[in-house]
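Before I ask anything, let me first share the structure, which is written out below as structure tokens.
Proteins come first, then strands; the chains are lettered A, B, ... in the order of their sequence lines, and each starts at number 1. Computation of the quantities below employed the complete heavy-atom set of this structure, encompassing side-chain atoms and omitting hydrogens, waters and symmetry-equivalent molecules.
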There are 2 protein chains.
Amino acid sequence: MAARLNLEEIGRRAGVSRSTVSRVVNGEPNVSAKTKRKVEAVIAATGFRPHAAARSLASRQTGVIGLIIPSEAGTLFNDPYFGRLILGASDAMNGLDLTLALFVFGEEIDESAIISRVVNPGLVDGVIVTATRMADPLIDHLRDAHMPFVVIGRPDSPHAVYSVDADNRGGARSAALHFAQLGRQRPALIAPPSNTSAGVDRRSGFLDGLAEAGLSIDGRVREGDWTEGAGRSAMAELLASSPDAVFVGSDRMAVGALQAIREANLQCPQDVAVVSFDGIIPADMVVPRLTSVAQPVREVGERAVSLLKAVLDGDVTKAESVVFPTELVIRETCGAALAATETGTAS
Amino acid sequence: MAARLNLEEIGRRAGVSRSTVSRVVNGEPNVSAKTKRKVEAVIAATGFRPHAAARSLASRQTGVIGLIIPSEAGTLFNDPYFGRLILGASDAMNGLDLTLALFVFGEEIDESAIISRVVNPGLVDGVIVTATRMADPLIDHLRDAHMPFVVIGRPDSPHAVYSVDADNRGGARSAALHFAQLGRQRPALIAPPSNTSAGVDRRSGFLDGLAEAGLSIDGRVREGDWTEGAGRSAMAELLASSPDAVFVGSDRMAVGALQAIREANLQCPQDVAVVSFDGIIPADMVVPRLTSVAQPVREVGERAVSLLKAVLDGDVTKAESVVFPTELVIRETCGAALAATETGTAS
DNA sequence: TTATGTTGTGGGAGCGCTCCCAAGGAATCC
DNA sequence: GGATTCCTTGGGAGCGCTCCCACAACATAA
């Protein structure tokens, strides 16, 4: 009775062959309009959908792209960065009729177990790797397994790697210049982990900017693991060397830093100006409102997908690595409005 | 030379048949220790992994579970809820050797296009539906397509549906009782959207709690779309009727509400106490620290996976719907410490 | 007329796996 | 000893699709 719905069966009902149905389903040319109409009618009536696994097996591509978020990032799931990234990637995939497979490494999960699942042939066509660590072993594994991939971040691989990144150095540099312009004399830095490319770049970009502006940092540098707690304790330590401006490498750490400033009975931005990085926390969430270097997270996600798609299609004429500009969004914590008032430039 | 690696080829190299290799790969019994060792050696030497699509086609299951986040939730990606949920689901899947496929509906994407992709046979074994709307059409589609699914939330379907939810009513009720206990007289409510089960339940739970405690709300009710902005404007409106306590249906809206209170030159908790729902914002992120009804988001995600797994395995002896308890976590915005001080009960 | 495309259609082969049956050999039972 | 069972192994069939070649039907050119 209810014969299993497949190309053969649809063909039987439409009075054509399996091959013709396949052509209609895949929108191939060289099908007469009449035949096409007949077949489409049967498909619509039955609600037939081709079997994905069979298609994958025969065509050797799955239409699935993996997004890999390694273990250290597990805690990062508390910040909106990955949500945005996923949203961007997902949007792009919807447009390309691709499916997103998400691989999150839990701390307790053996990394190699995940890797072997990811590179499982016939599961995904390619992967996007996020939160890349410096010298990430995952990248070598992917290359060894001949799995096409795109990295989000700046990979420090000896080989050429397709990548998408935000301009971390430039953004951090602009924070330094901003402090200089506001007349701050004793800058400090709370850097993200230096085992990530973003950590390295935000640190060096800021230091370069300071040097350019003739400011010195004199060891007022700490490093934190992206969390509020880390920002808070790093800031508490830094306050001993009385900085008047701090560049904090992530919004979440900046929230912690503001907390520490408040606890020391100091005022932000009057006593200590703060500029952070990400531009990802809703503006109204913290008081005073955070001045932050914004990066286009969603666009990064979208672009990673389209780049990977190009790689998969062999469309290698496109650029190998893309860097999105970042933008210093001035709100309250940097004290720009304050400075303007003092010099009578603004209200 | 490099013959394609498949069961046949591995078998050839190990001097056994395709079938035997298959048995070893799948850990089936009834393979002699010696044969097993031989085959495993060849597999290890070659790095062979069985082809997922071929396996899916033959076995009629994919080992992939879909997680669906409908369009309205797109904006919600700004809050950590979905990150936690994904993390929980992902952890559970890693443990069960399952792969997570994420389907996010963008506003601009035609819902039915996604649906047809989701129910594509041979893609996923089953799906988890989140952020369910009341009378969600998606649920009917899934049923029609015979796609096994589990709902996160409280589905209001005429049919029996497997579901996992947090005790929204109970949590909201406890907020009301807490206000009553603290002697607040003029409670108000900022409810989440009433087209979601969480919105309906948090609203009714709070109102029930008030009734129980003999407090009336007199129209001091607004509704917001989960965002800070909505919380802020709802609170601004409510302040006209001078409430002394507000239950806000989500942490993000509570952040906006606090902002509105501050802008009205009122003090929280002295003038207006605030209790919110979710328990998801890092405690230090806002000042004063948010008293919130915490729900175990990660556990909900994990449980949804294990429930779906049970459904897929035909292990229907397990409960059809699971409700996780919620817990009122007292911090600063409710004014409990304040009340205690006043009555001399605590420091 | 015959040679030469062009378009539409059908069907064989094969993707790599699982499922299942059969068969040989070893172990066990009466 | 022969009959019965169990364990181990091999291979046919088939999952539903794509790829490719063959071929019929028709148009076009010499």
message: Under 3.5 Å, is there a donor on one side chain and an acceptor on the other for B/N6 and B/R12?
response: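 B/R12 and B/N6 do not have a side-chain donor-acceptor pair below 3.5 Å.
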
query: If every non-hydrogen atom of A/V124 is compared with every non-hydrogen atom of A/I65, which pair is closest and at what distance?
result: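 That would be CG1-C, 4.4 Å.
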
Distance-only check: which donor-acceptor pairs under 3.5 Å involve side-chain atoms of residues 40-52 of chain A, not counting sequence neighbours?
residue : atom : partner : partner atom : Å
A/T46   : OG1  : A/V42   : O            : 2.8
A/T46   : OG1  : A/I43   : O            : 3.2
A/T46   : OG1  : A/F48   : N            : 3.4
A/H51   : ND1  : A/A53   : N            : 3.3
A/H51   : ND1  : A/A54   : N            : 3.3

message: In this structure, how many angstroms lie between the P atom of C/dG16 and the CG atom of A/L123, rounded?
response: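 The answer, rounded to whole Å, is 16 Å.
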
query: How close do B/V150 and B/V164 get, heavy atom to heavy atom, and via which atoms?
result: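 Residues B/V150 and B/V164, closest heavy atoms: CG1-CG2, 4.2 Å.
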
message: The test is side chain to side chain contact (heavy atoms under 4.5 Å, CB included); show your working for B/L87 and A/V104 and say whether it passes.
response: CA-CA 7 Å; B/L87 207 53; A/V104 182; 3.6 Å; yes

- prompt: Got a sec? Which of residues 44-60 of chain B come in under 4.0 Å of DNA chain D, heavy atoms?
  reply: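 Nucleic-acid contacts, sorted: B/L57, B/A58, B/R60.
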
query: Which residues, if any, of residues 30-39 of chain B bring a heavy atom under 4.0 Å of DNA chain D?
result: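 B/N30, B/V31, B/S32, B/T35 - these, ordered by number, are the residues of the stretch whose heavy atoms sit under 4.0 Å from the strand.
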
message: Side-chain N or O of B/N26 versus OP1/OP2 of C/dT18: is the shortest distance under 4.0 Å?
response: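 Affirmative; the distance criterion is met.
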
task: Report the distance from atom NZ of B/K38 to atom CZ of B/R13, rounding to the nearest 0.5 Å.
output: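 If we round to the nearest 0.5 Å, B/K38:NZ and B/R13:CZ are 15.5 Å apart.
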
- request: To the nearest Å, give me how far apart CD (A/E28) and P (C/dG8) are.
  value: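 The answer, rounded to whole Å, is 12 Å.
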
Give me, pair by pair, the N or O atoms of the protein and of nucleotides 10-13 of chain C that are less than 3.5 Å apart, along with how far apart they are.
residue : atom : partner : partner atom : Å
C/dG10  : OP2  : A/S17   : N            : 2.8
C/dG10  : OP2  : A/S17   : OG           : 3.2
C/dG10  : OP2  : A/T20   : OG1          : 2.9
C/dG10  : O6   : A/R23   : NH2          : 2.8
C/dG11  : N7   : A/S19   : OG           : 2.6
C/dG11  : O6   : A/S19   : OG           : 2.4
C/dG12  : N7   : A/R18   : NH2          : 3.1
C/dG12  : O6   : A/R18   : NH1          : 2.9
C/dA13  : N6   : A/R18   : NH1          : 3.3

Partner set under side-chain contact (heavy atoms from CB on, under 4.5 Å) for A/A58, not counting sequence neighbours: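 Partners of A/A58 by the side-chain contact (heavy atoms from CB on, under 4.5 Å) criterion come out as none, since no residue qualifies.
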
task: Work out which heavy atom in A/G66 is nearest to a heavy atom in A/F103; give both atom names and the distance.
output: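 Nearest pair, atom of A/G66 first, then A/F103: CA-CE1, 3.9 Å.
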
query: Once you round it to whole Å, what is the distance between P of C/dC17 and CD of B/Q61?
result: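 In whole Å, C/dC17 P lies 16 Å from B/Q61 CD.
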
- request: Answer yes or no: is there a donor N or O on one side and an acceptor on the other, between the side chain of B/S22 and the main chain of B/R18, under 3.5 Å?
  value: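 No.
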
query: Between B/R12 (CZ) and D/dG11 (P), how many Å, whole number?
result: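 Going from CZ in B/R12 over to P in D/dG11 covers 14 Å.
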
field: Residues forming a side-chain contact (heavy atoms from CB on, under 4.5 Å) with B/T35, sequence neighbours excluded
entry: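 Expected list: B/V16, B/T20, B/V31, B/S32, B/V39.
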
message: Whether A/K309 and A/D315 form a salt bridge (side-chain N of Lys/Arg under 4.0 Å from carboxylate O of Asp/Glu) is what I want to check.
response: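 Not counted as a salt bridge, because no side-chain N and carboxylate O are separated by less than 4.0 Å.
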
